[in-house]
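A, B, ... follow the sequence lines: proteins, then strands. Residue 1 opens every chain. Note that this is a predicted model, so its numbers are computed, not measured.
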Amino acid sequence: MAWNFFSLSPLTTKYRKLTTSEIPTCLALKGVKYICSSSAIYLEHSINRDCCVNSDSYYASLIDNSTHKRHLDQIHSRLLVLGLQHNGFLMTKLVNGSSNLAQIFYARKLFDGFYFPDVFMWNAIIRSYSRNNMFRDTIDMYRWMRWTGVHPDGFTFPYVLKACTELLDFGLSCLIHGQIIRYGFGSDAFVQNGLVALYAKCGRVSVAKVVFDGLYHRTIVSWTSIISGYAQNGESMEALRMFSQMRNADVKPDWIALVSILRAYTDVDDLEQGRSLHGCIIKMGLEDESDLLISLTALYAKCGMVMVARSFFDQMKTPNVIMWNAMISGYAKNGHAEEAVHLFHDMISRNIKPDSVTVRSAVLASAHLGSLKLAQWMDDYVSNSNFGSCIFVNTALIDMYAKCGSVEFARMVFDRNSDKDVVMWSAMIMGYGLHGQGWEAINLYAAMKQTSVFPNDVTFVGLLNACNHSGLVKEGWKLFHSMKDFEIEPRNEHYSCVVDLLGRAGYLGQACAFIMKMPIEPGVSVWGALLSACKIHRCVTLGEYAAKKLFSLDPYNTGHYVQLSNLYASSRLWDRVAHIRVLMRERGLNKDLGYSVIEINGKLQAFHVGDNSHPMTNEIFNELQILERRLKEIGFVPHTESVLHDLNYEEKEENLSFHSERIAVAYGLISTAPGTTLRITKNLRACVNCHSAIKLISKLVEREIIVRDANRFHHFKDGLCSCRDYW
DNA sequence: CTAGGGTTAG
């Protein structure tokens, strides 16, 4: 609207330029603080550029070209001088300009000085708050707008919905949804797409789907919203199903849609489909899209192809934080924890600012490495960073300390956090479970219930695990049945804990009956628990049954074959052991190579079975022989039954004493001062023989030896182990 | 003046 303001404003009647000296006078007249002379020169310059000072669009373009708050100040003063402070179009422009320069409080001041804001002005201030991530204020302004009787329009709601999305407030979202319908925007494409994304982000994909289904015209944005909604809520298969529906509807994906679809493939580890999508991306000429490159990096890294992922990372000139995160977490998740930590250090030394996700991934990598020294370094790093009070990072720290062998340090991190959510409590409970401190876990759970934090499914996985590791059959059984009090549906993990609990304690029949009564299809973990219980109690028939299930559900997992073979070996069924060996060869499987890592003075040293590559190998084997002799002297008899192959007795014995954890112990003993605690990490589960041997060694050499195996920790001391031979 | 994505602790 171009109203003629010349008649209203005596100063501009002659199209006269303001001189620099005049400006302060005019401002003083209107009571506006004069900023600085350079601004005046700027204004002067701008006005000189175009002497035809006659329309809103002139001032609009001045505002659009402003790059500093003082420019806006100048223009504002000028508008005041001209009596244009009630020109809605220009004042709205000014508010927009302020918010673009992140001058949110200035925008608000302008807004407050404007008496009768129309919907455009309201949208401008709402947008300002939303763009500056002040979502509570966004909602407050929207409420105030409604209260003054101004009707929101189709431009208002996307910002309000964005705010709801960020606030993750489902109740509020429903309220706004109702208002959207009442104001008549029930079929506005922008608003509806916003609603789909909003419900999806609040974790209510089913509601999002209802809105999506009601859409009259589905754009690529609608499809992306619903696909990413499923992907973000862990329903990757459903996301991919929507993707195929989208293709049937002949909607061509753009790069943002592809990012969501890649994420779904990444989550289900579908490297093949991911690769073929990669091919499509190249065909579409989108391979230079850096954000797609990040998704591809995450995909290849998650699927174990870290080299390919790294090549994407390396080809990017200036990777952003998210790319760093994808690479670091990719390494961390795939047994390349060292590279992950290395890359993290690299990032710091190159002065690239990590965010909380980076730190979380680095902490996760440290947890995998198991080095207590590194763990403490990470803890220090976090304390000196901005993430010291970040609940996500602190939870990762608790998990890390527990996995690095120090449940005490984990507890210290836990105690220094005053605001604990269910995830943090669960992490601590898990930590106790890992160290076989079942009662501490249960007591902590009791303390948690005293606060207003409610347990969830993961809390119970932690608790049941803790009961398993401490042999607390009755307590575990009770806890399992208390899940329904919290309306938590047990998952396979919970069922397998119970099977483990019953099975280990020797109640194989009950364990079996329990499986038969399961309301869901028993998965790998359940049959795996049954098989390992059968191995302990040498129950061949039932074990074979469990193994058969496992081979059909998870045919390429070497662990199951080894378990069955060990079960046969324990029953001296050597022909069946041989048969398993043939079966594995036919299927192209090799027994996972065992290795152990020991930390000496903060440095990690890895050993595999019979490893003689270390420079000190002579000394190590000498120590091994001494230990062997001393063990024999006190009457130690090796358990030979857990050897995979049917070797002759001598060979078996030799193999056992050269197991990687034994070599690591020997190396640790000769490399550290007497009395030093040894910390060892093993990739597989502790074998029966080494477990008994290390118990005795701890007594012979008067050392505490802490071994982390694939499942839990063993604290060996004075001839005993914290797991009380229960693992 | 409007909307969709990626990295992500137990």
Side-chain angles (χ1 to χ4, degrees), chain A residues 92-93 95-96 99-100 119-124 126-128 130-131 153-162 165 185 188-198 200-201 219-229 231-232 253-264 266 289-299 301-302 319-330 332-333 354-361 363-364 367 387 390-400 402-403 421-431 433 456-462 465:
Chain A
T92 301
K93 268 264 172 217
V95 171
N96 282 336
S99 87
N100 289 342
V119 65
F120 293 99
M121 183 55 117
W122 278 107
N123 285 349
I126 286 172
R127 177 168 50 242
S128 301
S130 173
R131 286 206 177 145
D153 68 5
F155 286 87
T156 319
F157 288 115
Y159 292 113
V160 175
L161 291 177
K162 166 105 194 314
T165 308
F185 293 94
D188 182 296
F190 280 94
V191 177
Q192 293 303 299
N193 286 338
L195 276 172
V196 174
L198 164 61
K201 284 236 174 72
T219 64
I220 181 65
V221 178
S222 329
W223 284 102
T224 310
S225 301
I226 194 70
I227 290 172
S228 68
Q232 286 160 353
D254 63 0
W255 69 268
I256 298 184
L258 288 169
V259 162
S260 293
I261 296 149
L262 277 175
R263 178 195 161 143
T266 305
E289 195 62 64
S290 66
D291 289 341
L292 265 176
L293 221 51
I294 295 172
S295 298
L296 286 169
T297 307
L299 169 81
K302 167 90 191 297
N320 64 7
V321 190
I322 299 178
M323 183 52 141
W324 282 92
N325 294 348
M327 198 61 236
I328 292 173
S329 72
K333 277 187 283 203
D355 66 4
S356 66
V357 179
T358 327
V359 178
R360 232 150 50 183
S361 303
V363 171
L364 183 73
F387 311 112
C390 171
I391 191 158
F392 281 80
V393 171
N394 277 292
T395 305
L397 282 178
I398 292 171
D399 179 56
M400 172 191 73
K403 286 185 177 151
D421 65 357
V422 62
V423 185
M424 189 173 270
W425 283 97
S426 306
M428 195 61 232
I429 289 173
M430 285 267 191
N456 67 12
D457 53 336
V458 186
T459 318
F460 278 99
V461 172
N465 251 319

Just to be sure I understand the rule, does [X] reach a base, reach only the sugar-phosphate, or reach nothing, if contact means heavy atoms closer than 4.0 Å?
X: A/D457; result: nothing
X: A/N394; result: nothing
X: A/W255; result: base
X: A/G330; result: nothing
X: A/K201; result: sugar-phosphate
X: A/D399; result: sugar-phosphate
X: A/F157; result: nothing
X: A/N100; result: nothing
X: A/Q232; result: sugar-phosphate
X: A/K333; result: sugar-phosphate
X: A/L364; result: sugar-phosphate

Return the set of residues passing side chain to side chain contact (heavy atoms under 4.5 Å, CB included) with [X] (not counting sequence neighbours), or none when no residue passes.
X: A/S130; result: A/F135, A/T138, A/Y159, A/K162
X: A/I220; result: A/T224, A/M246, A/V251, A/D254, A/A257
X: A/S99; result: A/S128, A/N132

Any residue meeting ring-ring contact (aromatic ring centres under 6.0 Å, His included) with A/W425, in chain and number order, not counting sequence neighbours: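 With neighbours one apart ignored, the set is A/F414.
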
ring-ring contact (aromatic ring centres under 6.0 Å, His included) involving A/F185 - partner list, sequence neighbours excluded: A/F157

Measuring only between side-chain heavy atoms, which start at C-beta, is A/S426 closer than 4.5 Å to A/N456? yes

A/M424 versus A/I391: any side-chain heavy-atom pair under 4.5 Å?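 The answer is yes, as the side chains (C-beta and beyond) meet within the 4.5 Å cut-off.
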
The first and last nucleotides of DNA chain B lying within contact of chain A, meaning any atom under 4.0 Å from one of its heavy atoms, run from B/dC1 to B/dG10

